[in-house]
Amino acid sequence: MKLKAGELERHLDGLAAGRAGMLIFGPDAIAVGQIRDRIALAVTGPEGEAEMRLTRLDAAALRSDPAALQDAMRAQGFFPGPRAVLLDGAGDGLAGLIAGALDGARPGEDGFLIVCAGVLAARSRLRKLFEAGANLVALQLFDDPPGPRQIAAMLAEAGLPAADQDALQALAAFAAEIDTGSLARLIDKIALYRADRPGPLRLSDVLDCAPQNLEAGLDEAVAAAAEGRIDALARQLSRLKAQGVAPTSICIAAARHFRILHAAACDPAGAEAALG
């Protein structure tokens, strides 16, 4: 069975029901790892108990101990409840071994196998195994920025279940400019910044924690706007558009710049003290 990334949220809770395993593959190892961890948690249950019913394997180690995968899937855990087996770094060289471990697997009794891989061609044996399997799932991740739904899920996992629309739009703009790992670190930073504060996440919180510069030329464009240099601003905006910088990113940078200017102008100790 093929599963699209946009369908994951809908199927996450019941993904392992009646199934023996899942393949997650794509060019972004961080994104693959994040989805892997979410699925493992959905399979094994509450976070405090998850590690007790989780077995982690590395593809390189299986080459010296091929039986370890099947043993891990069939093993009876000390802690009752559903189990998961994570296999990282898989490739076509392990397709036969993985097929053998899945042959005769008992969904609900054996450990649910989660296989992670990098880019796999359409003719990949490993990919075909999971896409054609009646009780298997294959999820291909593309090198696209996370959408609003994925960002909302990342915020919820970080302890920020509510966010206003402006904050989500700002994070979506950042997601288009930075990689998935950097976005995850930004969200963790925002969660720490917002710790113990009531209410939904706001745009001002995102701006306070966001990276100071996403693309070369943003500072120049904002400075030209602030100083009224219209010709220079027009040239810089054309360059930013050619670089693929989103308009929202430019607005966020401008908002940050004018907030700093406003804070400096209002500081009772003077502008120099504020900037210091």
Side-chain angles (χ1 to χ4, degrees), residues 1-17 19-62 68-69 72-73 75 77 81-95 97-99 101-102 105 107 110-120 124 126-127 129-131 133 135-147 149-158 175 179-185 187-188:
M1 171 188 171
K2 294 182 183 179
L3 183 67
K4 296 179 180 179
E7 300 172 336
L8 180 62
E9 300 299 327
R10 220 167 45 242
H11 296 280
L12 187 60
D13 290 337
L15 193 62
R19 295 192 175 93
M22 179 174 186
L23 169 67
I24 311 166
F25 64 101
D28 189 337
I30 295 176
V32 169
Q34 288 175 338
I35 298 296
R36 172 204 63 199
D37 293 343
R38 291 187 62 202
I39 292 170
L41 190 60
V43 171
T44 56
E47 191 166 359
E49 304 173 11
E51 282 294 330
M52 306 299 182
R53 298 197 296 271
L54 197 62
T55 302
R56 299 178 185 273
L57 298 174
D58 184 78
L62 288 185
L69 179 58
M73 291 181 62
R83 296 179 298 106
V85 178
L86 307 185
L87 175 59
D88 288 320
D92 277 353
L94 292 176
L97 178 63
I98 293 170
L102 289 168
D110 295 336
F112 183 76
L113 178 60
I114 304 173
V115 179
C116 297
V119 177
L120 297 175
S124 162
L126 185 61
R127 180 172 171 177
L129 170 66
F130 281 86
E131 289 180 346
N135 63 347
L136 302 174
V137 184
L139 173 63
Q140 181 177 8
L141 301 181
F142 296 95
D143 199 13
D144 296 328
R149 185 176 294 178
Q150 292 170 280
I151 292 173
M154 293 171 73
L155 287 170
E157 287 179 9
D179 58 52
T180 306
S182 299
L183 178 64
R185 288 191 291 273
I187 288 175
D188 287 341

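- In this structure, CZ on Arg19 lies 8.0 Å from NE2 on His11, to the nearest 0.5 angstrom.
- Using a 4.5 Å cut-off on side-chain heavy atoms (C-beta onward), Leu94 and Val115 make no contact.
- Shown here for Val32 and Cys116, the closest heavy-atom pair between the two residues is CG1-CB, 3.8 Å.
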side-chain contact (heavy atoms from CB on, under 4.5 Å) assessment of Met73 paired with Leu102 = CA-CA 9 Å; Met73 291 181 62; Leu102 289 168; 3.9 Å; yes
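- Nearest heavy atom pair, residue Leu15 against residue Leu8, reads CD2-CD1, 4.3 Å.
- Of the inter-residue distances, the one linking Ile39 atom CD1 with Ile24 atom CD1 reads 3.5 Å to the nearest 0.5 angstrom.
- The minimum heavy-atom distance linking Leu86 with Ala40 is given by the pair CD2-CB, 4.0 Å.
- Between Gln140 and the choices Lys4, Arg127, Glu131, the side-chain hydrogen bond (donor to acceptor under 3.5 Å, both in side chains) rule is met once, by Arg127.
- Distance check: Gln34 CD to Glu157 CD gives 8.0 Å after rounding to the nearest 0.5 Å.
- Residues Pro107 and Ala20 share a closest heavy-atom pair of CG-N, 4.2 Å.
- Here the straight-line distance linking atom CG of Asp188 with atom CE of Met154 works out to 8.0 Å at 0.5 Å rounding.
- At least one donor-acceptor pair under 3.5 Å links the side chain of Asp92 to the backbone N or O of Leu126.
- Taking Asp28 as the reference, nothing meets the salt bridge (Lys or Arg N to Asp or Glu O under 4.0 Å) condition, with sequence neighbours excluded.
- Listed by chain and number, the residues in a salt bridge (Lys or Arg N to Asp or Glu O under 4.0 Å) with Arg56 are Glu51 (sequence neighbours excluded).
- Proximity of Leu136 to Leu23: side-chain heavy atoms (C-beta onward) are nowhere separated by under 4.5 Å.
- The distance from the CG atom of Leu113 to the CZ atom of Phe130 is 5.5 Å, given to the nearest 0.5 Å.
- The shortest side-chain heavy-atom distance between Leu62 and Leu87 falls under the 4.5 Å cut-off.
- In this structure, CG in Leu12 is found 5.5 Å from CZ in Arg38, a value given to the nearest 0.5 Å.
- When all heavy atoms are compared, the tightest approach of Gly111 to Val85 is CA-CG2, 4.5 Å.
- For the pair Asp88/Arg36, a side-chain contact is recorded, criterion being any heavy-atom separation below 4.5 Å from C-beta on.
- Considering every non-hydrogen atom in both Ala90 and Ala117, the closest pair reads O-CB, 3.4 Å.
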